[in-house]
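Sequential numbering from 1 along the given sequence is applied to the chain's residues.
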Amino acid sequence: MMAPYFVEILARNGDVLHRHKANTLPIRLGRSYDNDIILDDAHSAAAHAIVDLDAQEKLVLRDLGSKNGTYARGKRQTEVVLGGDTVVRLGHTRLRIRAADFPVPAEIADTTMHGWEGATPATIGLLLIAVFSVLETWLSDVEPFALIRYLLVLASSLAAGLLWSGVWALANRLFGSHARMGRHLFILGSGLAVVGIWRAASSIMAYAWSAEGFTRYGNLVTLAIVCGMLFFHLKTIKPHLTKQFATTATIMMLVGAGLMLMTNLQGTGRVADELYMSVLLPPEVKRSPDRSVDQFMGDAAKLKADTDAARARGVKDGVDDTDDDDDDNSAE
């Protein structure tokens, strides 16, 4: 290991908080002001440790009899042979020491779209949030048009979007050095737009081709879109952790889907979100073949037979309360 040496003070996640340069050995570490590296840690000793070369010319760190000790690889040690990646803990301070000849990995390809920052993505994101909130309100509105109601929905949606993106921007500033508020607004707006497009498209496809699965299990796709949106939020903060964040988002999606299906099963006795397709659109949208009257009557007869059989089982098990209701009415 070739001088100069660099003492790196580390955060718990391994990020470098401070980097101190030492041109010569030994390097004294501790809380007192006569040390080469002063540790701002009440749990470290005044003279906690010293870094020097041993008889084999290896760089070592020796504890100087501190009360709280020196730890490396989870064990308390009086002497630690230092490599460039060896992390030691003095009190509550984590550090490592690297020499000038420590090899560094190749530079990471810059995939950040620096031109897609600031006001442009923020404006587009806010516009998408506004369009989504207004259209959702309009599609579900059954009351006479009232401008104030739409303005309140618009204001609350934009405020919620700014709050959501602000939280992510704060995390981005803390862990990624740049806030990128506009990027997070764009991610939120794009995610909501995709959700809106999916809901409209799934309703049309379900009605046009009588494909009830699009509406019965459509919330699972919405959940996948939301997890994808979270993935892009995380990727914006730490672009080099793409695989880890993709795995996290996938696990979240699978767990959320399982909880959603179990909730449906517990609440209604079925895993689907709805018992029958509730989408009603103009007849011109219909593309599936029409059913004949005979087919309809046959299906109705089968449904009646299944219902009568279920009722008969209920009477046999003593769960039919019809007679009890009649007795109560006659008593009154």
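- Trp198 and Met260 fall into different hydrophobic clusters, where Ile, Leu, Val, Met, Phe, Trp and Tyr side chains are chained together by heavy-atom contacts under 4.5 Å.
- For Lys286, the NZ atom sits in a packed shell: over 12 heavy atoms of surrounding residues, nucleotides or ligands are nearer than 6.0 Å.
- Rounded to the nearest 0.5 Å, atoms OG1 (Thr215) and CD (Glu274) are 4.0 Å apart.
- Although no hydrogens or angles enter the test, the distance criterion places a donor-acceptor pair under 3.5 Å between the side chain of Arg31 and the main chain of Ser44.
- The closest donor-acceptor contact from the side chain of Arg287 to the backbone of Trp209 lies at 3.5 Å or more, if one exists at all.
- Leu162 and Val134 fall within the same hydrophobic cluster, where Ile, Leu, Val, Met, Phe, Trp and Tyr residues are linked whenever their side-chain heavy atoms come under 4.5 Å apart, directly or through other members.
- Note on Val221: it clusters hydrophobically with Met205, by side-chain heavy-atom contacts below 4.5 Å among ILVMFWY residues.
- Checked by atom type and distance alone, the side chain of Thr268 never pairs as donor or acceptor with a backbone atom of Leu265 at under 3.5 Å.
- Applying the ring pair (Phe, Tyr, Trp, His ring centres under 6.0 Å) rule to pairs touching residues 128-161 yields Phe145-Tyr150, sequence neighbours excluded.
- Contact annotation: the side chain of Asp85 approaches that of Arg98 to within less than 4.5 Å [non-hydrogen atoms, C-beta and beyond].
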Can I get a per-line list of side-chain donor-acceptor pairs under 3.5 Å for residues 228-237, giving both atom names and the distance, sequence neighbours left out?
from: His233; atom 1: ND1; to: His184; atom 2: ND1; distance (Å): 2.9
from: His233; atom 1: NE2; to: Trp164; atom 2: NE1; distance (Å): 3.1
from: Thr236; atom 1: OG1; to: Phe232; atom 2: O; distance (Å): 2.7

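- Taking a 6.0 Å sphere around CZ of Arg76, one finds it holds more than 12 heavy atoms contributed by other residues, nucleotides or ligands.
- Here the straight-line distance linking atom CG of Asn219 with atom CG of Asp273 works out to 4.0 Å at 0.5 Å rounding.
- A 4.5 Å side-chain heavy-atom check between Asp54 and Arg62 finds at least one atom pair inside the cut-off.
- Asn35 contributes a side-chain N or O that, together with a main-chain N or O of Ser32, makes up a donor-acceptor pair within less than 3.5 Å.
- Residues Leu223 and Gly256 come closest through the heavy atom pair CD2-C, 3.4 Å.
- Counting heavy atoms of neighbouring residues, nucleotides and ligands inside a 6.0 Å radius, atom CD of Gln266 does not exceed 12 of them.
- The two residues His48 and His43 have their closest heavy-atom pair at CE1-O, 4.4 Å.
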Would you check, one step at a time, whether the test side chain to side chain contact (heavy atoms under 4.5 Å, CB included) holds for Gln77 with Asp63?
CA-CA 8 Å; Gln77 303 185 38; Asp63 188 88; over 6 Å; no
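- Judged by distance alone, the side chain of Lys21 and the main-chain N or O of Pro4 form no donor-acceptor pair under 3.5 Å.
- For the atom pair CZ of Phe186 and CG of Leu126, the computed distance is 12.0 Å after rounding to the nearest 0.5 Å.
- A distance-only check finds a donor-acceptor pair linking the side chain of Ser156 to the backbone of Val153 [under 3.5 Å].
- At least one donor-acceptor pair closer than 3.5 Å links the side chain of Asn172 to the backbone N or O of His178.
- The shortest side-chain heavy-atom distance between Val51 and Ile37 does not fall under the 4.5 Å cut-off.
- Considering CE of Met277 and OG of Ser203, their distance stands at 9.0 Å, rounded to 0.5 Å.
- The closest side-chain heavy-atom distance from Leu188 to Trp168 is not below 4.5 Å.
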As a quick check of understanding, evaluate side chain to side chain contact (heavy atoms under 4.5 Å, CB included) for Ile204 and Val285, giving each step before the final call.
CA-CA 8 Å; Ile204 293 173; Val285 179; 4.1 Å; yes
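- At least one side-chain heavy atom of Leu64 sits under 4.5 Å from a side-chain heavy atom of Ile50.
- Following chains of ILVMFWY side-chain contacts shorter than 4.5 Å, one can reach Met252 starting from Val194, so the two form part of one hydrophobic cluster.
- Using a 4.5 Å heavy-atom cutoff, the side chains of Lys238 and Gln244 are not in contact.
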Can you list the steps and then say if Leu127 with Thr123 is a side chain to side chain contact (heavy atoms under 4.5 Å, CB included)?
CA-CA 6 Å; Leu127 181 61; Thr123 303; 5.5 Å; no
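- The hydrophobic clustering, which links ILVMFWY residues whose side-chain heavy atoms are closer than 4.5 Å, places Phe245 and Leu174 together.
- Considering all non-hydrogen atoms of both residues, Pro283 and Tyr207 come closest at CA-OH, 3.9 Å.
- Separation of atoms CD1 (Ile197) and CG (Leu192) is listed at 11.0 Å; rounding is to 0.5 Å.
- Between Gly189 and Ile129, the shortest heavy-atom contact is CA-CG1, 3.8 Å.
- No side-chain donor-acceptor contact under 3.5 Å links Asn264 to the backbone of Arg270.
- Side-chain atoms of Ile9 and His20, non-hydrogen and from C-beta on, do get closer than 4.5 Å to each other.
- For the residue pair Ala3 and Ala100, the shortest heavy atom distance occurs at O-CB, 3.9 Å.
- The cationic atom of Arg89 (NZ for Lys, CZ for Arg) lies less than 6.0 Å from the six-membered ring centre of Tyr71 and within 45° of the ring axis.
- Scanning both residues, Leu128 and Ser190, for their nearest heavy atoms gives CD1-N, 3.7 Å.
- Between Arg28 and Asp34 the shortest side-chain heavy-atom distance does not fall below 4.5 Å.
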Can you list the steps and then say if Thr137 with Leu154 is a side chain to side chain contact (heavy atoms under 4.5 Å, CB included)?
CA-CA 9 Å; Thr137 303; Leu154 180 61; over 6 Å; no
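- With respect to Leu95, the side chain to side chain contact (heavy atoms under 4.5 Å, CB included) criterion is satisfied by exactly one of Leu90, Thr86, Leu10, Val87: Leu90.
- Here CG of Leu25 is found 5.5 Å from CG of Asp52. Values are rounded to the nearest 0.5 Å.
- Counting non-hydrogen atoms of neighbouring residues, nucleotides and ligands closer than 6.0 angstrom, the CG atom of Asp40 reaches no more than 12 such neighbours.
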